[in-house]
Amino acid sequence: MNRRRRDMIDGQEQMRLIPPDEQKKYLRENHSQIEKRRRDKMNTYITELCSMIPTCKAMSRKTDKLTVLRFAVQHLKTIRGSLDSYTEGNYKPPMLTDKELKQLIIPCADGFMF
């Protein structure tokens, strides 16, 4: 029998020694503590996410969780959209002609191209 299982059985045996009313109180308090830790962890991550999103940082008031998630999705879609243009082969800034881009790249690439 592994240790975790043995500890669980020991805990159950100890619970049988406690009156039923106190068992309920103990289980409720334990559940409340676990749930509070989960909420605190989630709030910490939401706050961290908010600090990473430019639109969120620019807000003067505290944003609610749903707004933070909405801004995060919006920001990721924007980033994905700008990355898609590079994966499609649009490496050249629109204000440069092909000839101008070639004149900029060739001196920089000297020694890297065969």
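Since we're looking at a predicted model, the values are computed, not measured. These values consider heavy atoms only, across backbone and side chains, with no hydrogens, waters or symmetry-generated copies.
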Visitor: Are side-chain heavy atoms of Glu29 and Lys25 found at a separation under 4.5 Å?
Guide: yes
Visitor: Salt bridge check: are Glu35 and Arg38 linked by an N-O gap of less than 4.0 Å?
Guide: yes
Visitor: Taking distance alone, no hydrogens or angles, what donor-acceptor pairs closer than 3.5 Å link side-chain atoms of residues 42-50 to residues at least two apart or in another chain?
Guide:
from, atom 1, to, atom 2, distance (Å)
Asn43, OD1, Lys65, NZ, 2.9
Asn43, ND2, Arg39, O, 3.3
Thr44, OG1, Asp40, O, 2.9
Thr47, OG1, Asn43, O, 2.8

Visitor: side-chain contact (heavy atoms from CB on, under 4.5 Å) with Gln103: which residues, sequence neighbours excluded?
Guide: Lys99
Visitor: The test is side-chain contact (heavy atoms from CB on, under 4.5 Å); show your working for Asp64 and Val68 and say whether it passes.
Guide: CA-CA 6 Å; Asp64 61 288; Val68 172; over 6 Å; no
Visitor: Got more than 12 heavy atoms from elsewhere within 6.0 Å of CE, Met59?
Guide: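 Atom CE in Met59 is crowded, with more than 12 foreign heavy atoms closer than 6.0 Å.
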Visitor: If you round to the nearest 0.5 Å, how far is NZ of Lys41 from CZ of Arg37?
Guide: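 If I round to the nearest 0.5 Å, the distance is 8.0 Å.
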Visitor: Just do the side-chain contact (heavy atoms from CB on, under 4.5 Å) check on Lys77 and Arg80 with the steps written out, would you?
Guide: CA-CA 5 Å; Lys77 283 181 178 178; Arg80 186 175 58 189; 4.1 Å; yes
Visitor: Which value, rounded to the nearest 0.5 Å, describes the distance between Phe71 atom CZ and Ile53 atom CD1?
Guide: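 Here the rounded value is 10.0 Å.
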Visitor: Between OG1 of Thr97 and CD of Glu100, what distance do you get to the nearest 0.5 Å?
Guide: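 Output value for this atom pair is 3.5 Å.
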Visitor: Are the side chains of Asn30 and Gln33 in touch, meaning some heavy atoms are under 4.5 Å apart?
Guide: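 With C-beta onward as the side chain, the pair touches.
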Visitor: Any idea which heavy atoms bring Cys56 and Thr63 closest together, and the distance?
Guide: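 Where Cys56 meets Thr63 most closely, the heavy atoms are SG-OG1, 3.8 Å.
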